[in-house]
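Within every chain, numbering begins at 1; the chains are lettered A, B, ... in the order of the sequence lines, protein sequences first and strands thereafter.
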Amino acid sequence: MRKAFMAMLVLAVLVSGSVFARSTYYATGDQVFSFRGGVDFPAFISFVNDSDRGTVTFADTHMKLGGYASISYQGYISEYFALGGELGYAFNYSQSSLLLTTVPITAKLTYYPIQKRKFDLAASLNLGVSFVRYNGGKYITPYAQATIQPTFFFTESWGIGIESGLMASAELYGKNNNKYKSSAICGLLPVALTVAYRH
Amino acid sequence: MRRTAITILLAALCLCAFISCNIDATEGIYSEVASSTVNTDVNIKSYLGCYNDEHYYLSDEGIFKIGSGARLENSGSSIIRSASLNGATGEALVMTQKSDLSTVLEYYTAFGATPAQVTGTFKALLRNGLVYDNSAIYTVSGTTATPVISDAKVLYALETGDYAFFSVVKSDAIKYYVIKNDGTVVVDGVDGSSKTYIAFQPIADSGEFVIVSYNSSKATFEAFKLTSTGVESTVLFTMKSSLQYAYSTQAASFYYTNDGKEYIVIKASNYFDRYNITDKTIESISTGFATTLRTAGIVNIEATADPMVFVAGTYESMLYEIDMTNNKSTQIK
């Protein structure tokens, strides 16, 4: 599934880059604020050091549909790339009705292969950490997120769009830790409405 | 500008690598999530045992027998806190808490019969029938409680099968006792410590026991051998996994022999840890009998007449039979 997603992401970027004219809308120094909110679907939990448990997906993760929101700020470092940061919040309930929360703080790099006055298509990569809490346990995990966002601008500055992709947190333990076999990567699929302000 | 961007990204990656750490997860967080189960309205508090081929358990609604209604139900003014069933005779002891928070210990010739109050006021009743108050530990026969250990204030107790481990204060010192349900004192007031043990398993009737405590400095669960001379200072084994409940006492373990070798099996968070007493090796088990039970919240495991068969009660309101001959577990409720 991750491979399929990455393949789609790369394909979208390549196709869009070649099909559309390469006229640019943005210039170095432009900025964009964006806010997003929506749902997140539990995608997988992969126990990387436990072949007996392997990877469980969707309902077998014992997580329910959750919610996701974030705020980000980026500045354009070239006509095609913007760099900035994002603060998010995701929550899911487990089958036991206990709350799992994920608060990612990330650096965000966005590529804009399509950029028009009325429409953008962007692909973003976030890297950072997330603060994860569940049932009294806390963990600071490495965090990565890859998303694509088509955005329609109804004024020169304000736009609305959708965003989806993959969010992944890795809870890793060393071989000498008694939780070694609990090392896991958790993937969530966000689908969010985005509001962007650019200038 | 590009150099700045690369620097920021590298800094983010370094930050990520450096501060990623476990703060307080007793088990892996995602492991706990994937193991979570649907809450049920009724939770088993203790599997009481089998009498006349019928299994009895104490839930948070009362005492039940599989396949029938409540044998003894909680009411607004009386809540059953603990119970003990004699699997040979059907006699039972039941400790209830009244609305004024006082406790009453009652003796039943059989569930359904009119109870008789056991003389005395007691603090706790163990599943194996031993009781204690603030100054003594007793065995109970009918309505009569007989002190086994006197002038001793129980700090905490652990029990598995017929045996119970007591940490007590006696003559201003912490002492350990192990007492069988018939009143036999197997470990008689050896010197103890302020360390808290959270799991306890007899090695058959050898007079030797395994007790487990949490080593907070190493974040590991360590097992020690307890004999009539006290707790050995050498760690017998370190558990491969976190104990099922890191901070509360538990009775989710059992002992069996196979092919001339002795084993102790202890429930861990998502596995069973099996210690081979003969070869002094330990392994995590997640298959065979453990396939279903490894993610269950086990309240206690009790031996049956067959030394290779055990019954486990779970919080999820299920009872399972563990058959070590065929290495499988079967849901019986």
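- Judged as a ring-ring contact (aromatic ring centres under 6.0 Å, His included), and not counting sequence neighbours, the contacts of B:Tyr214 are B:Phe221.
- Smallest separation of non-hydrogen atoms from B:Ser242 and A:Lys179: OG-CG, 4.2 Å.
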Donor-acceptor pairs under 3.5 angstrom involving side-chain atoms of residues 188-197 of chain A: please list them, not counting sequence neighbours.
{"unit_1": "A:Thr194", "atom_1": "OG1", "unit_2": "A:Gly161", "atom_2": "N", "d": "3.4"}
{"unit_1": "A:Thr194", "atom_1": "OG1", "unit_2": "A:Gly161", "atom_2": "O", "d": "3.3"}

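- Residues that satisfy the ring-ring contact (aromatic ring centres under 6.0 Å, His included) test with A:Phe91, not counting sequence neighbours, are absent from this structure.
- Atom NZ of A:Lys181 is separated from atom OG of B:Ser31 by 11.0 Å, given to the nearest 0.5 angstrom.
- More than 12 heavy atoms of other residues, nucleotides or ligands shown are found within 6.0 angstrom of NZ on B:Lys45.
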**Prompt:** How far apart are the C-alpha atoms of A:Leu100 and B:Tyr30, what are their side-chain angles, what is the distance that settles it, and do they pass the side-chain contact (heavy atoms from CB on, under 4.5 Å) test?
**Reply:** CA-CA 9 Å; A:Leu100 170 73; B:Tyr30 296 127; 4.2 Å; yes
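- Within a 6.0 Å radius of NZ in A:Lys64, more than 12 heavy atoms belonging to other residues, nucleotides or ligands are found.
- Here the CD1 atom belonging to B:Ile29 is positioned 11.0 Å from the CD1 atom belonging to A:Ile45, to the nearest 0.5 angstrom.
- Chain A is approached within less than 4.5 Å, heavy atom to heavy atom, by B:Ser284, B:Ser286, B:Thr287 from residues 273-292 of chain B, ordered by number.
- For A:Asn176, no part sits under 4.5 Å from any heavy atom of chain B, backbone or side chain.
- In the displayed structure, A:Lys118 atom NZ is contacted under 6.0 Å by more than 12 heavy atoms of other residues, nucleotides or ligands.
- Atom CD1 of A:Ile162 has 12 or fewer heavy atoms from other residues, nucleotides or ligands within 6.0 Å.
- A donor-acceptor pair is defined here as one N or O able to donate and one able to accept, closer than 3.5 Å; no such pair exists between the side chain of B:Glu32 and the backbone of A:Asn135.
- Residue contact with chain A, scored on non-hydrogen atoms closer than 4.5 Å, involves the backbone of B:Ala219 exclusively.
- Dense packing is recorded around OH of A:Tyr89, with more than 12 heavy atoms of other residues, nucleotides or ligands lying under 6.0 Å away.
- Of the two parts of A:Ser169, the backbone and the side chain both hold a non-hydrogen atom closer than 4.5 Å to a non-hydrogen atom of chain B.
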